[in-house]
Structure formats: C-alpha cells, structure tokens
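The figures here come from the full heavy-atom set of this structure, side chains too, leaving out hydrogens, waters and symmetry mates. Quick note: residue numbers are just sequence positions, from 1.
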Amino acid sequence: MNPLSLALMLGTLPLLAQVMPPSLPHLLSGEAVVSEAGTAPTPPEIAIARRVPNTTAQLYQQRLAALDAGRLYTRLPRHSFQEVWETARENPTYEQWTALLWEEAKATAAGQADNRLCVTIGDSLTQWLPPGIFVGDRLWLNQGISGDNTARIRRRIGLLEGTRPSTIFLMAGVNDLIAGRSVQEVLFNQQDIIHQLRSRYPQAQVVVQSILPTDHQAVSNEDIRAVNRELAQIARRQGAVFLDLYPHFSDEVGRMRGEFSTDGIHLSDRGYELWQTFLQQMEDQLARDPSALNRI
C-alpha cells in the first residue's frame, strides 16, 4: 500500500492551516520568524522565515511536490515544501494544471476507502480556498484552476473519474462574464456541467454556488444576479442544492463588501473565512441527513 493510501485510511495526514490568496502578504502573520530548532525565536539574521505560496507558480510547485511525496495537499501545513516552491517563477500551463488535478484525483481514489470525499470545482476563487476546510474522515480535492470558465470546466469534469465524491461544490461563471460572454451562454454551460456531475457521480450531492458579487468595472453585478436567479432554478430542476452566497458578500447596493476582497473580485482572508463557514455547514448538514438535499 502506498503512503497516501495508508495515511488516508488511517486519518493520519496532518491538518492544513489557511493558505493566503495570491494578493495577500507573502509572510505568515504571527509566525514570520521561527528558529530551526522550534524553540525561542532567533535573531532575524539567522532565522528561517516561514512563507506560503502567493503565486500560481508557487502553488503549482507545492502541490506537485506533495503529490510526488505521496501526500494529500489539502491536509499539509501551508508552508510545506517551501524549499521546493519558493523560487518558482514559471507559471504552469492549463494543460499542466489539468494533468496535476487528474493525478491528484487518481491518488485520492486509490486511498479513499470509506472516507467521505468533498470536491470543489471552479476558477481562481476555488483554487485558493484555504486547505483544511474538510477534516476528520472527509477528504478534499480542490479542482479549481485560475482563469477557468464554464466552457473549459464542462470539458474537464472527467478528471474526477475513479473517485467516489460524497459532495461536489461548484462555483463558476465570473470569468465568462468578465470576458463578455452572455448570461445565456453561462447558463447553458452551467446546466451541462450540473447534468454531467449528476450523471457521472450519482452518489454525490451536488451543491451549485451562486456567483459572488464584485466591485470591479470588468463585470456587471446585474449580470451576475441574472445568472444567479436562473441558476437557482436550473440546479433545483436537476436535483442539486443551490447555495446562495451573494447576499452574504454584498453591501447595501449589491457590490462586494470591501473587507471580503483584495481587488473587488478575488477574496481576502476574511472573505475566505466566511465562504469556508458556509461550505463546512453545508457539508455537515448533508453528511448528517442526505435527504436534506430535497428540502433546501
């Protein structure tokens, strides 16, 4: 049995603390300077600074290193493999990201055993979700890719083949709207994504999340609200849960609240904390009572 399979089945993989999104400070607050021996802090000139990835190049190399080590990325300390990723500069291609997600899924499937598996699918917002959301007997695959749109997500649903997800969380569409695609095109793609998820993974409970509000001229919140209204109906018709996050992130005029974002689109630490709370609550509810899917 490989190390990942054994660790997953025994539940011995360490929990992962919060990963900072790419636009937040590179140094970890509260633990910027630690001694090599793990005792009292040493003078800055001989200290080791623990850091977390803050670019997609660094995040990719960290996850690749975890995979090569037979470890589950979503349960590792946020500074893991720092010596490998800290100097990474070259951004991975889309093909490299999808290949990595495929390999992570295969490794997880090999060691899933009877554990619940949560999957998050989406773009950069999902990609930078703080690891450690789902703990205990719940494994987690993060299938977010920065810059992704609904058309490309439609084509990569098969990356999960071989896994047995218990819950699948989907959030997508904002990049489509930023690129000028119509509300109708976004909804068409979303409908197909949900259909594929329900057909390929019938044992899974699919949770379709609303697109979050923005405070950026690149995208209209009116379009986002139009997508969300129709998306709620599509999700329910296809037997999925619709999780409406929009009102929890918006201010009195419907824009992204400043404290929840770094640039009007991407989330801040506080934004991720709020999102994480909803994901945990939803997964806990569905794990306790699968029939709740039909009542939400």
Side-chain angles (χ1 to χ4, degrees), residues 4-5 8-9 11 72-74 98-123 126-127 129 133-145 148-173 186-211 227-228 230-245 275 278-296:
L4 176 63
S5 300
L8 291 180
M9 292 190 345
L72 186 58
Y73 154 74
T74 52
T98 55
L100 176 61
L101 297 187
W102 168 243
E103 292 298 331
E104 288 178 340
K106 287 197 299 182
T108 301
Q112 183 176 345
D114 295 328
N115 294 290
R116 287 182 63 86
L117 173 61
C118 302
V119 178
T120 52
I121 301 175
D123 49 37
T126 297
Q127 183 183 63
L129 266 166
I133 295 175
F134 307 112
V135 298
D137 66 342
R138 299 172 197 182
L139 310 180
W140 174 26
L141 274 178
N142 187 326
Q143 295 256 314
I145 299 180
D148 221 351
N149 57 46
T150 55
R152 290 196 300 194
I153 291 174
R154 286 179 63 192
R155 296 193 291 268
R156 65 176 174 91
I157 296 300
L159 295 178
L160 289 172
E161 185 176 352
T163 64
R164 293 175 288 106
S166 303
T167 310
I168 302 174
F169 293 91
L170 169 68
M171 180 188 286
V186 175
L187 291 170
F188 176 84
N189 289 335
Q190 285 269 27
Q191 181 168 292
D192 185 69
I193 293 168
I194 298 168
H195 174 74
Q196 285 195 60
L197 292 174
R198 296 283 291 146
S199 300
R200 291 171 179 259
Y201 313 105
Q203 80 287 348
Q205 297 160 316
V206 177
V207 180
V208 180
Q209 303 166 92
S210 63
I211 302 177
V227 170
N228 288 341
E230 295 299 321
L231 189 57
Q233 300 304 315
I234 291 171
R236 289 165 183 148
R237 284 198 299 269
Q238 298 203 36
V241 174
F242 182 72
L243 179 56
D244 190 5
L245 298 171
W275 188 8
F278 283 107
L279 293 176
Q280 288 173 326
Q281 289 177 349
M282 178 61 72
E283 164 58 14
D284 287 345
Q285 181 177 0
L286 295 178
R288 288 194 306 269
D289 182 11
S291 66
L293 178 68
N294 300 319
R295 302 196 300 269
I296 297 176

**OP:** Any chance you could lay out the side-chain contact (heavy atoms from CB on, under 4.5 Å) test for Leu101 and Arg156, step after step, and finish with the verdict?
**Re:** CA-CA 10 Å; Leu101 297 187; Arg156 65 176 174 91; 3.7 Å; yes
Could you give the distance from [atom1] ([X]) to [atom2] ([Y]), rounded to the nearest 0.5 Å?
X      : Y      : atom1 : atom2 : result
Ile157 : Leu197 : CD1   : CG    : 4.5 Å
Asp137 : Asp114 : CG    : CG    : 9.5 Å
Glu230 : Gln191 : CD    : CD    : 10.5 Å
Gln205 : Phe169 : CD    : CZ    : 9.0 Å
His195 : Arg154 : NE2   : CZ    : 10.5 Å
Met171 : Leu129 : CE    : CG    : 8.0 Å

With sequence neighbours excluded, tell me which residues meet side chain to side chain contact (heavy atoms under 4.5 Å, CB included) with [X].
X      : answer
Ser166 : Arg116
Ala99  : none
Gln281 : Thr277, Phe278
Asp244 : Ser210, Phe242, Tyr246, Pro247

Of the non-hydrogen atoms in [X] and [Y], which two are nearest, and what is the gap between them?
X      : Y      : answer
Asn115 : Gly111 : ND2-O, 4.3 Å
Ala204 : Pro165 : CB-O, 3.4 Å
Thr150 : Ala172 : CG2-CB, 3.9 Å
Ala235 : Val241 : CB-O, 4.4 Å
Thr163 : Gln203 : O-NE2, 4.4 Å
Gln127 : Ile145 : NE2-CA, 3.8 Å

**OP:** Classify the ring geometry between Trp140 and Phe134 as parallel (under 30°), tilted (30 to 60°) or perpendicular (over 60°).
**Re:**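 Aromatic pair Trp140/Phe134 classed perpendicular.
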Main-chain N/O of [Y] paired with [X] side-chain donor or acceptor, under 3.5 Å:
X      : Y      : result
Asn142 : Thr126 : yes
Gln190 : Gly173 : no
Gln143 : Thr120 : no
Arg164 : Ala113 : yes
Gln209 : Leu245 : no

Subject >> Asp284: partners by salt bridge (Lys or Arg N to Asp or Glu O under 4.0 Å), with sequence neighbours left out >> reply: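 Per chain and number, Asp284 pairs via salt bridge (Lys or Arg N to Asp or Glu O under 4.0 Å) with Arg138.
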Taking the side chain as every heavy atom from C-beta outward, state whether [X] and [Y] have any atom pair closer than 4.5 Å.
X      : Y      : answer
Leu159 : Thr98  : yes
Asn189 : Leu187 : no
Leu243 : Met282 : yes
Ile194 : Ile234 : yes
Tyr201 : Ile168 : yes
Leu286 : Val207 : yes

For the residue pair [Y] / [X], report whether a side-chain donor-acceptor contact shorter than 3.5 Å exists.
X      : Y      : result
Asp192 : Gln196 : yes
Thr167 : Glu283 : yes
Glu161 : Trp102 : no

Original post:
In chain order, what residues pass the side-chain hydrogen bond (donor to acceptor under 3.5 Å, both in side chains) check against Arg152, with sequence neighbours excluded?
Top reply: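 If we apply the side-chain hydrogen bond (donor to acceptor under 3.5 Å, both in side chains) test to Arg152, skipping adjacent residues, the hits are Asp148.
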Original post:
What's the verdict on side-chain contact (heavy atoms from CB on, under 4.5 Å) for Val119 and Leu160, showing C-alpha distance, side-chain angles and the deciding distance?
Top reply: CA-CA 9 Å; Val119 178; Leu160 289 172; 3.9 Å; yes
